[in-house]
Every structure is written in C-alpha cells, then in structure tokens.
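Only one structure is covered here, and it is reproduced in the block below.
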Amino acid sequence: MPRPGSLIPAAFYLRPVDVVARDLLGRHLCLGPVTLRITEVEAYGGPQDSASHARSGRTPRNAPMWEAGGCAYVYFCYGMHHMLNVVTGPPDRAEAVLIRSCEPVTGLDLVLERRRHVQGPALLTGPGKVAQALGVDLAFTGTRFHEPGGLELRAGSPAAAILAGPRVGVDFASPADRDRPWRFAEAGTPWVSRPRNLR
DNA sequence: CACAGGATCGTT
DNA sequence: ACGATCCTGTGT
C-alpha cells in the first residue's frame, strides 16, 4: 500500500523556522501504519530564543537541534511525555518546530489503542498525545524525516488559512519571547489544543 | 553526586 | 488547581 503523499525533500527544511512551521500545517507525519495530518505547530528559535531548548547552547539532549534541517528532535518531558520536533535551517542554527496537534489519516485502530480509545479531538490535540499516537520515543531523536523507512514527512493537503498566537507553556521566557506569535494552527479545524489565543 | 524543574496530561 | 514521574542541566 503506497504512502499518502510524496516524501518531502531536504530543501523544504532549509528556511526560517516560522516559515517552515506554517508550511508544515497540512503535511503528513508517517510512522509504520500510522499517518497523521499536522494541524498545530510551534516555532522555536536558536540560542537567542529564551523559550527554546537551544538557549543553553549545545547539550547531549538537544544535539539534534544543531543538525541540518530535516532532523527529528525528540525529548522526554514531565517524566512521562515525548515531544516531537522538526529541526529547520542550515547546521548550527538550532531552530525547530514542535508538532502540537494532528488529525488521524491512516492507522486509526492503532492510534485508538495507543491513546486508550479517547474520543474526539482529545485523541490528538497536544504534543504528548501526538508522540504517543505515532509511537515516537527517544529512539527517534536524530533521525531524518526525508529518509524513507522510518519517521517520515509527506506532502499531505495544505491548510487553506492559518491562525497564529503566543506559544504555550513558556511563561519562564523573557517577555518578548513569551509574546512572540509563533504558535500556528489551521483555521477552523477542531484538531487544535487550546483554541483561545489564536487569530 | 544531589537537586530543582520542565515546550504536559488527565483527573479533582 | 494539582499530582504523576524521570530525564536533564546545573552546581558542588
């Protein structure tokens, strides 16, 4: 059975992080039998962004952020959740896009099993839920989305309109970074975490 | 080596 | 509003 959409080439990721973030909406995330369509993302800048994991420079955990765009950066949070990011830009820019919400496309039976049969948008709205549904864990950090066979990004169907707002859970950042409107979601979709604060 | 805290989630 | 739960970065 062919994959839904063609594999996205490496050049896609070599643009400013907010541009790639918007362009990721509507693309397909694929792993094994599961395909998810991206509906909500957040952009994180390099060392100068006080909300980003890159703010402390290169560490063992965030090393994939310093790779060339197209790399996966996965980290473990709050002792129980995995967070999936798409690294962007040339090497050493350390920018990444957090995948916050998706809608199901294929492999729904497996997604429902992994998500304990939660009903409605609560199934996939939130970064921890997306990673759990896809089956992504730390073993995937450092892998490349444009190389076939593993965690892949494919064409999908683009978002017609996009809403933006401040990022979630970054109250610790400086005011300028806290207020930067770098959360993006497809307009009108129910597959979004915290629909408030978007316009 | 010890410790404080986190780009969250689900329940109370 | 809060507890779960453990990896991570930082400091001693």
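Atom set for the values below is all heavy atoms of this structure, side chains included, hydrogens, waters and symmetry mates excluded. So you know, we letter chains A, B, ... as the sequences are listed, proteins then strands, and number each from 1.
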Criterion side chain to side chain contact (heavy atoms under 4.5 Å, CB included) against A:T39, the qualifying member of A:T189, A:I99, A:L124:
A:T189
Return a table of donor-acceptor pairs under 3.5 angstrom between the side chains of residues 76-95 of chain A and protein atoms on other chains or two or more places apart.
{"from": "A:N85", "atom 1": "ND2", "to": "A:Y73", "atom 2": "O", "distance (Å)": "3.2"}
{"from": "A:R93", "atom 1": "NH2", "to": "A:E95", "atom 2": "OE2", "distance (Å)": "3.4"}

Donor-acceptor pair, distance only, cut-off 3.5 Å: does the side chain of A:R183 make one with the backbone of A:R167?
no
Mark yes or no for whether A:R100, through its side chain, and A:V192, through its backbone, hold a donor-acceptor pair below 3.5 Å.
no
Applying a 4.0 Å non-hydrogen cut-off, can you work out what [X] is touching in the nucleic acid: base, sugar-phosphate, or nothing?
{"X": "A:R183", "answer": "nothing"}
{"X": "A:M80", "answer": "base"}
{"X": "A:R61", "answer": "sugar-phosphate"}
{"X": "A:F76", "answer": "sugar-phosphate"}
{"X": "A:F172", "answer": "sugar-phosphate"}

Taking the inter-plane angle between the rings of A:Y13 and A:H146 on a 0 to 90° scale, is it parallel (under 30°), tilted (30 to 60°) or perpendicular (over 60°)?
tilted
Does a donor on one side chain and an acceptor on the other come within less than 3.5 Å for A:S193 and A:E40?
yes
From B:dT8, B:dG10, B:dA7, pick the nucleotide closest to the side chain of A:V170?
B:dA7
With the side chain of A:S52 defined as its heavy atoms from C-beta on, choose the nearest nucleotide among B:dT8, B:dC9, B:dA7.
B:dA7
Quick one: on DNA chain C, does A:P60 or A:Y78 contact a more 5' nucleotide (nearest heavy atom)?
A:Y78
Would you mind telling me which residue lines up with the more 5' stretch of DNA chain C, A:S56 or A:C77, judged by nearest nucleotide?
A:C77
Rounded distance in Å between the C1' positions of B:dG5 and C:dC2:
16 Å
Nucleotide range of DNA chain C contacted by chain A, 5' to 3', under 4.0 Å to a heavy atom?
C:dA4 to C:dT10
Quick one: do A:L31 and A:L7 end up in the same hydrophobic cluster if we chain Ile, Leu, Val, Met, Phe, Trp and Tyr together by side-chain heavy atoms under 4.5 Å apart?
no
Can A:Y75 be said to stack with the base of B:dA7, given centres closer than 5.5 angstrom and planes under 30 degrees apart?
no
For C:dA4, the nucleotide meeting Watson-Crick or G-U wobble distances (both under 3.5 Å) is B:dT8
